[in-house]
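Computed from heavy atoms alone, side chains included, the values below leave out hydrogens, waters and symmetry copies. Note on naming: letters A, B, ... go to the chains in the order of the sequence lines (proteins, then strands), and numbering restarts at 1 for each one. Model, not experiment: these values are computed from the prediction.
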Amino acid sequence: MHAANPFRSGLETDRIPAPCVFVIFGASGDLSRRKLLPALYNLAVSRLLPPGMSIVGVSLREMGDEQYRATMHDAVAEFSRRKPIDEAVWDDFASRLFYESGKFEDPGTFARLRERLEQIDAASGTRGNRLYYLAVPPSTFAVINDNLAKAGLVAAPDDATRYTRIVVEKPFGRDLASANELNQSLHRVFDERQIFRIDHYLGKETVQNLVALRFGNAIFEPLWNRNHIDHVQITVAEDIGVEARGKFYEEAGATRDIVQNHLLQLLMVTAMEPPVAFKADEVRDEKVKVLRALKPIRGEDVARYTVRGQYGPGNFGGQPVLGYRQEANVSPASRVETFVAMKLEVDNWRFAGVPIYVRAGKRLAKRVTEISVHFKSVPHALLAQEGPLEPDVLVVRIQPDEGIGLRFVAKVPGPTMTLRPVTMDFRYGSTFGGSGPEAYERLILDAMLGDPTLFARADEVTAAWRFVTPILEGWARTPEVEPAAYAAGTWGPSAAFELLERDGRAWRRL
Amino acid sequence: MRLPLDAVERELARLWQEETRRSRAPRMELLTLVTLVSEERLLERAHEVVAAVAREYPSRTVVALCRPGAPPGITADVALHRASADGPARGDAITVEAIGAARDWLPENIERLALPDLPVCLWWVGDLPDHDRLFDRMLLGADRVVVNSCEMDLRDLEKLSNLVRGRHGCAFADLTWIRLRPLLDLVARFFDDESARALLPALRRIIIEFSPREGDTDAASTQAGLLFGWMAHALALPSEHAAWTRGEGWAEVRLGGVAGRFEARARADVAPGTIVRVTIECEGGRFEIERQEDPEVLRWSREVPGAPMPPHTVHVTSHDESTLLVRCLERPRRDALLEASLLTGSRIVRPVAPRPSAPPSGQGAP
């Protein structure tokens with residue numbers, strides 16, 4: 001018998017996972033319609049799904065397989081990045097798309113699910129491999145996990161004949177205590193190796209390219225430290241308001257929604273040390289060290305190093321827009337922050353003394369996510385004529401128009417030594433053309449392959465909450481202090497500008 | 001307007017200055033793509049393909065054509081590639097024309113037009129001449145050479161294999177191989193599980209059906225030969241001294257205990273040489289990939305006792321040449337598997353597709 005597949009030897013095949021059943025809890029919800037099913041369909045079009053791989057949707061809503069297929073066909077037609085639907089691929093894909101309705105609290109749901117999964121194994125060669133995707137609120141995680149275990153639907157982590165993995169969506173808790181509780185609930189049933197906490201920012205090409213930029217080029221890493229970097233700015237700005245998510249946002253706010261996860265992920269990738277290998281635990285070990293090195297912001301420092309804001313009425317694109325308190329499902333007296341800015345410090349050998357200014361918010365002037373590394377000025381102003389020279393800036397744009405830019409100074413042609421900042425731009429779209437896979441496609445494939453490199457580990461989540469929770473508590477201790485108001489369509493409250501101005505710096509113009 | 005070669009860079013600089021005023025598009029190029037057009041009738045196609053490549057992959061493209069005539073000389077046309085008719089510039093478009101004996105001067109002159117510090121890719125359009133010093137000399141300045149073996153005869157597999165083995169610094173790529181890759185992956189998928197792999201020692205026959213080129217009498221298309229070469233290499237089948245038998249529309253080769261059968265099955269809706277069906281027969285099991293009525297749709301099915309798996313339908317887009325070329329450019333390294341598959345394939349087909357003997361020294365194509 002051949003030990004390995006001889007046809008795979010030397011084949012630069014795109015990564016193909018072993019056949020499995022992908023079980024989605026919350027299968028009729030928004031996430032499934034907008035992201036999960038389109039991502040799975042696109043993987044099928046790219047021929048990255050293994051033959052026999054099947055999908056079972058589980059949800060409360062009563063419907064049969066055919067109705068579910070029809071609903072998801074419409075969803076894929078609307079939300080897939082590839083249009084129109086390739087009907088030959090869809091027919092094949094849909095023939096292995098099933099639906100099971102039932103309550104998550106009802107053990108009968110899981111008994112039926114087990115029966116369905118065994119039928120699929122027998123017909124499709126999925127061999128007991130399971131990937132559970134919890135596209136449901138965290139409050140239902142525990143009951144689903146427990147019922148999966150009771151129904152015998154969880155394989156041991158060391159079982160070499162089959163695998164069980166579970167993907168969970170953020171929010172991973174709402175503070176340190178609830179995150180710990182959530183982790184404990186997951187660990188009651190699953191081993192950490194089986195848990196994939198998804199943060200779709202890590203699936204974005206540019207975030208991965210930041211790793212390539214830092215560790216694939218020899219010219220940047222020698223400069224990537226306190227000797228050469230003056231400060232770093234990270235912005236995650238959205239131009240939209242809370243829209244239909246008022247209820248969720250009232251519970252979360254910008255800090256829980258963006259800072260604790262996406263923004264700190266960007267910070268970790270920016271500040272981490274080179275891992276010994278680009279492997280899951282090696283990368284995540286280095287990332288979590290960044291969080292551990294973050295100087296805590298507690299007590300009086302909360303008011304000094306953080307700014308909360310909330311958007312009021314304003315205009316966007318020349319049209320009037322509502323203030324946060326006027327949005328649907330938002331309290332008219334709400335004190336939830338829709339904007340946050342912070343001055344952070346990573347207390348380690350590389351970054352000691354380099355401030356990292358971060359800001360995130362809704363209803364800002366533009367939709368833009370970027371990391372900018374501001375280098376120190378030249379040590380001697382040999383060529384300065386009218387004030388100091390503009391320092392060099394390296395910008396990693398994550399969205400929109402993903403790319404990397406470098407600003408430096410150049411001489412203006414002419415008889416005098418006049419210098420002017422110029423930029424060199426690299427843009428993914430114009431350099432490589434076409435659209436790459438969406439973050440969910442990459443991450444779902446990684447989960448099927450059992451590669452957790454781009455997923456958050458329990459200690460990462462805990463460390464993030466350990467940093468953020470004292471800030472939330474600090475704000476909670478002063479309920480009389482309202483978030484600073486800013487007009488919709490602007491770059492946030494004036495206090496956010498003052499946060500940098502008092503250090504003699506300014507936010508980059510975006 | 002035709003320019004002398006020493007005016008090319010000046011003219012390009014002028015065009016970019018104009019462009020900067022017009023669109024502020026940055027000048028960015030990732031490589032020099034040199035395209036040697038073996039026949040004038042292929043020139044238009046070459047221009048279309050390199051323009052499409054530059055849209056995806058900003059490049060300096062140099063398309064070179066030789067014409068008979070006198071006096072000998074080389075001139076060039078220059079322009080800028082554009083993302084769209086009115087879009088921003090996407091690279092330099094240089095067309096070089098060599099008249100008569102100036103054909104021999106092309107290698108050093110084209111090398112002078114290559115962008116500094118960036119890779120040079122040489123794309124040979126059309127059939128490979130049997131003995132051509134120009135092609136061999138052009139290879140010396142290239143980091144990567146791209147051909148399309150489906151435009152060649154079966155006997156050219158051996159020339160390609162020799163070429164690959166002789167050029168250690170140059171990565172070789174074949175558009176037909178890129179086109180075959182989804183098929184290789186689908187074949188590999190048959191044997192990803194142990195139950196299927198257990199049948200491999202009992203492999204008896206591999207049948208490859210292909211759509212032949214019109215009037216072609218080769219035992220197989222180059223695509224079929226390359227695919228079989230890969231399978232024989234992967235399975236370590238004895239490729240020396242292959243024993244062939246042939247009949248009307250079919251040919252069969254025996255490699256140890258395994259038979260490879262090639263069957264011509266003409267289909268008007270696919271490119272000549274395309275694989276229409278692959279069947280692998282083992283004692284107790286059968287594996288098949290069949291092109292459906294829609295030529296871009298393949299049906300994958302297998303019968304393995306105790307390991308049922310439903311048939312699978314996949315869409316394999318028939319990419320045009322520019323897309324395939326971009327794929328080649330994205331993989332700049334040498335492809336050891338292609339090289340091994342070519343070597344094995346050329347050995348297997350040698351008895352039915354011998355190379356013509358080389359002319360006496362100095363008698364190659366001018």
In terms of heavy-atom contacts, B:H312 and A:L49 come closest through NE2-O, 4.0 Å
Could you pull out the closest heavy-atom pair between A:S124 and B:P310, with the gap in Å? CA-CD, 3.4 Å
Between A:R8 and B:D192 (salt bridge meaning N to carboxylate O under 4.0 Å), is one present in this structure? yes
Derivation of the side chain to side chain contact (heavy atoms under 4.5 Å, CB included) call for B:T313 and A:D91: CA-CA 8 Å; B:T313 306; A:D91 288 347; over 6 Å; no
Tell me whether A:K366 at atom NZ has more than 12 heavy atoms from other residues, nucleotides or ligands lying less than 6.0 Å away. no
Measuring heavy-atom distances to chain A, does B:D193 have an atom under 4.5 Å in its side chain, in its backbone, in both, or in neither? both
What one should report as the nearest heavy-atom pair of B:L337 and A:G10 is CD2-O, 3.5 Å
Where on A:P50 is there a heavy atom nearer than 4.5 Å to chain B: the side chain, the backbone, both, or neither? backbone
May I ask you to check whether over 12 heavy atoms, not counting those of A:N217, lie within 6.0 Å of atom CG? yes
Region of A:A88 that comes under 4.5 Å of a non-hydrogen atom in chain B: both
Minimum side-chain heavy-atom gap A:D92-B:V314 below 4.5 Å: no
Is there a side-chain contact between A:P51 and B:R302, using heavy atoms and a 4.5 Å cut-off? no
B:L235 and A:P6 have their tightest heavy-atom pair at CD2-CG, 4.1 Å
Quick check on side-chain contact (heavy atoms from CB on, under 4.5 Å): which of B:M231, B:R189, B:R197 does A:F7 satisfy it with? B:M231
Rounded to the nearest 0.5 Å, what separation is found between the CG atom of A:N5 and the CD atom of B:E194? 11.0 Å
Can you confirm whether A:E115 is buried at CD, in the sense that more than 12 heavy atoms of other residues, nucleotides or ligands lie under 6.0 Å from that atom? no
Give me the atom names and distance for the closest heavy-atom approach of A:A122 to B:P308. O-CG, 3.0 Å
Rounded to the nearest 0.5 Å, how far apart are CG of B:L298 and CZ of A:R47? 8.5 Å
Side chain, backbone, both or neither: which part of B:P311 has a non-hydrogen atom closer than 4.5 Å to chain A? backbone
Heavy-atom proximity to chain A below 4.5 Å, by part of B:V316: both
Just wondering, are more than 12 heavy atoms of other shown residues or ligands nearer than 6.0 Å to CZ in B:R10? no
